[in-house]
Amino acid sequence: MKIVNTIKTILLLSVVVILPSCLDLDPQDQMSDANLWQTPNDYKLYANQFYEWTRDFSSAVYDGPHSDTRSDLMTSSSYNEYSKGINNIPVSDGNYTGAYTKIRYANILLQKAESYPNPTDIARYVAEAKFFRAYEYFDLLQLFGDVIVVTEPIDITDPKMNAPRDDRSKVVDLIIEDLKQAIPDLPKENAIATADKGRVSQGAAQAFLSRVALYEGTWQKFRTGDVTRINDLLDIAAESAWEVIDSKQYEIFKPTELGTDAYKYLFILEDVQSNPANIKKDKNKEYIFSRRHDEVIAPIGKNITKNCFANVQWVTRKLAEMYLGADGLPIDNAQSTAGVDYSTPDNEYAKRDNRMTNTLMAPGRKYWNNNASHTTWTDADKAAFDNKDFYPTSGSGYNNQKWATERNVKDEYEGYDFPIIRYAEVLLNYAEAVFERNADAEGNIMDASKVDAALVYLNEVRQRVNPNMPGLTTSFATTHNLKMREEIRRERTVELFNEGFRIDDLKRWKTAETEMPENMLGVKWNTSGDWATWAGKWSPSYSLEDGCLLIETNRVWSNKNYLYPLPSDQRQLNPNIGQNPGW
């Protein structure tokens, strides 16, 4: 291990625990030396490294196995081979080897803890090790399905890694057991000392358990798994989500001062002025577990605003059409009073779910970023600063603004946090788990009262920036001929867009085979009337499909794409590991 000098250790203790993303500890293999496992603080320092393992902007917003860049909602100037369904078997895969390396480090702490004389003194750090072991095994499960389960600290080249892979059910059982054992020994959010803010809480473990159980419960349900096991998993998902809700430790971020823009500003919240109301991070009770950043101590370190603002991320028409009308109905619903108006570029965004304009950039409006930034945070900016009306001149014509700051800050120095788990997801997990527990494979509901009770929490998410939108209920769905499963999934898709959920959701729902091969479309293009201003700035060369820009074609998806292939180097090391179906 790299020996950390005294000054660095003091710095780590004072700021790294608060901002785990700035940890600078190498993996501490050699803490097996008995002299290094004598105090609870030794365990705490060792556990600090775990906080570098979680998703961050670099893996969830930029390209990565869980990123929306590999889904049907986003493309760019060059196609993504995973999104297009043409990826091949790699020689090596850091997702596979990296996860096992991390699992080894967690297992080291758990092994050393077995001989510690006062187990209660280190119970919290044992719980953290179990949480992060579960975290890494869940990543392996999502990517590869069946994997080898190891609960002792062995290297990936150890002969014990020459075993056949364990069935995914055993992997899931270990994850669930680790999380259940961790929960009692983790502190509630309001009991975490200021110096320890950012460490795993009881709520984080409960929320993550909900995510895992919902994922596997629906994976099995839509692949005709065992009914008893499916129901057990869905029950765990609902119950653990409810424990988070009932703890009253978290809440949807919706300050009155931000009104219908609260969703937009949630994702660029900093401890300097980053929104009109100058609300800081301490008002955000929605992030249950996050990668914490700060402009000075731990900046994001990626060119996040430039990557996410305007023409870099090409959002597909599919997402744009998912946003409901203000009446709570899909825009193509026969009873819709909102519908959609394509007569001008801006009108498409009128009378819609306000998350649409919180997330996407309507042509003809003014926008700010870290170059053309706010100066006064009032309407005076529009006159005082040369911020021109925005019109896309490349891409799909649908452009993202989520994760793009509006303040003057150097590239890569934005300091907002990345939500690994946020309360909105928990509420959506709860609604979906209760629905799937009380509906058959075709979506027929068996107990409407239970579903309606759970939908109250989905509506809390929906109405954050849509206070006048009708709530989703079983009677509302029946009256307007809506499919409840489709509406629950719609809510999850628009709420969690660009946070690293969509492709995993399509896989667990087993709808990727339908959704992923579809052509990626852009805006419905016109050159006359109010469109003339935009058309004068951009003459796209794409062909049209039903009047829409045809951005990407020849997409494929087969059953093999539901799991990643095992890398060839691992198959050479372990001939018993096999390969995923179709590869």
Side-chain angles (χ1 to χ4, degrees), residues 12 15-27 47-71 74 80 82 93-95 98-99 101-103 105-106 128 131-136 138-140 142-143 197-201 204 207-208 211 266-271 274 281 284 286-309 312-313 370 400 402-405 409-425 496-504:
L12 285 169
V15 302
V16 170
V17 172
I18 302 174
L19 295 163
S21 62
C22 66
L23 263 163
D24 190 22
L25 289 175
D26 283 347
N48 281 350
Q49 68 180 297
F50 302 159
Y51 290 86
E52 284 292 297
W53 300 353
T54 61
R55 295 185 201 176
D56 200 354
F57 293 101
S58 59
S59 57
V61 178
Y62 290 73
D63 184 45
H66 309 285
S67 170
D68 282 9
T69 59
R70 298 191 183 184
S71 78
M74 189 186 297
N80 183 291
Y82 294 92
D93 191 333
N95 296 301
T101 298
K102 295 165 187 173
I103 288 167
Y105 298 144
E128 288 185 4
F131 174 90
F132 283 102
R133 183 169 71 178
Y135 187 93
E136 291 304 319
F138 185 54
D139 200 58
L140 286 170
Q142 288 183 299
L143 299 186
K197 287 296 184 184
R199 299 195 85 94
V200 177
S201 66
F208 191 62
R211 180 187 293 182
L266 168 64
F267 301 107
I268 55 173
L269 203 62
E270 298 188 68
D271 282 332
S274 56
K281 290 183 182 181
N284 179 11
E286 182 166 339
Y287 285 11
I288 296 175
F289 186 43
S290 62
R291 282 294 286 264
R292 294 157 71 86
H293 293 285
D294 178 88
E295 181 182 359
V296 177
I297 300 173
I300 289 172
K302 301 287 287 186
N303 202 357
I304 187 69
T305 296
K306 295 293 194 301
N307 181 75
C308 294
F309 184 77
V312 177
Q313 294 181 317
N370 64 328
N400 177 65
K402 189 171 181 176
W403 305 120
T405 190
V409 59
K410 287 173 57 179
D411 289 351
E412 303 188 5
Y413 278 80
E414 295 93 336
Y416 25 97
D417 301 340
F418 178 77
I420 303 161
I421 307 172
R422 62 184 176 98
Y423 187 54
E425 182 208 342
L496 301 177
F497 168 68
N498 213 359
E499 295 180 48
F501 287 91
R502 175 64 172 177
I503 187 61
D504 294 321

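Start at 1 with the first residue, then count along the sequence.
Taking the six-membered ring wherever Trp is involved, the centroid distance between the rings of Phe131 and Phe208 falls below 6.0 Å. Aromatic rings of Tyr51 and Phe132 (six-membered ring for Trp) have centroids within the 6.0 Å cut-off, being under it. Here Trp403 and Phe57 bring their ring centres to under 6.0 angstrom of each other.
Arg291 places no side-chain N or O within 3.5 Å of a backbone atom of Pro419 that could act as its donor or acceptor partner. The backbone N or O of Phe497 lies less than 3.5 Å from a partner atom in the side chain of Lys402, making a donor-acceptor pair. Under a 3.5 Å cut-off, the side chain of Asp56 and the backbone N or O of Ser58 do not form any donor-acceptor pair. Panel note: side chain Ser290, backbone Tyr287; no donor-acceptor pair is recorded below 3.5 Å. A distance-only check finds a donor-acceptor pair linking the side chain of Ser274 to the backbone of Ile268 [under 3.5 Å]. Under a 3.5 Å cut-off, the side chain of Asn400 and the backbone N or O of Cys308 do form a donor-acceptor pair.
Listed here is the closest heavy atom pair of Gly500 and Asp68: N-OD1, 3.9 Å. Taking every heavy atom of both residues into account, Ala47 and Glu128 meet most closely at CB-OE1, 3.6 Å. Closest heavy-atom contact between Ser67 and Val61: OG-O, 3.6 Å. Residue Ser201 comes nearest to Ile288 through the heavy atom pair OG-O, 4.3 Å, listed as atom of the first residue, atom of the second, then distance. Of all non-hydrogen atoms in Ile421 and Ala204, the two that sit nearest each other are CD1-O, 3.6 Å. For the pair Tyr413 and Glu295, the tightest heavy-atom approach, listed with the atom from each and the gap, is O-CG, 3.3 Å.
With rounding to the nearest 0.5 Å, the separation of CG in Asn95 from CG in Leu143 is 5.5 Å. For the atom pair CG of Asp504 and OG of Ser71, the computed distance is 10.0 Å after rounding to the nearest 0.5 Å. Between atom CD1 of residue Ile103 and atom CG of residue Asp139 there is a gap of 9.0 Å, rounded to the nearest 0.5 Å. Note: Arg502 CZ to Thr69 OG1 = 14.0 Å, rounded to the nearest 0.5 Å. With rounding to the nearest 0.5 angstrom, the CD atom of Glu286 is 10.5 Å from the CD atom of Glu425. Asn307 CG to Ile300 CD1: the interatomic distance, rounded to the nearest 0.5 Å, is 11.0 Å.
Between Lys281 and Glu270 no salt bridge is recorded (no basic side-chain N to carboxylate O distance below 4.0 Å).
Checking His293 against Asp417 by side-chain atom types alone, no donor-acceptor pair falls below 3.5 Å. For Asn370 and Lys410, the side-chain atoms include no donor-acceptor pair closer than 3.5 Å. In summary, the side chains of Arg422 and Asn284 do not present any donor paired with an acceptor at a separation below 3.5 Å, with no hydrogens or angles considered.
The side-chain tip of Lys302 points at the ring of Tyr62 from less than 6.0 angstrom away and within 45° of straight on.
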* Run the side-chain contact (heavy atoms from CB on, under 4.5 Å) check on Tyr416 and Arg292 step by step: do they pass? -> CA-CA 7 Å; Tyr416 25 97; Arg292 294 157 71 86; over 6 Å; no
* **Phe50 and Lys102: CA distance, side-chain angles, deciding distance, side-chain contact (heavy atoms from CB on, under 4.5 Å) verdict** => CA-CA 8 Å; Phe50 302 159; Lys102 295 165 187 173; over 6 Å; no
* side-chain contact (heavy atoms from CB on, under 4.5 Å) between His66 and Phe501, worked out -> CA-CA 6 Å; His66 309 285; Phe501 287 91; over 6 Å; no
* Stepwise, does the side chain to side chain donor-acceptor pair (under 3.5 Å) test hold for Asn80 with Asp63? -> CA-CA 9 Å; Asn80 183 291; Asp63 184 45; 2.9 Å; yes
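Put simply, the side chain of Pro299 does not reach to within 4.5 Å of the side chain of Glu414, judged on heavy atoms. A 4.5 Å side-chain heavy-atom check between Tyr135 and Arg55 finds at least one atom pair inside the cut-off.
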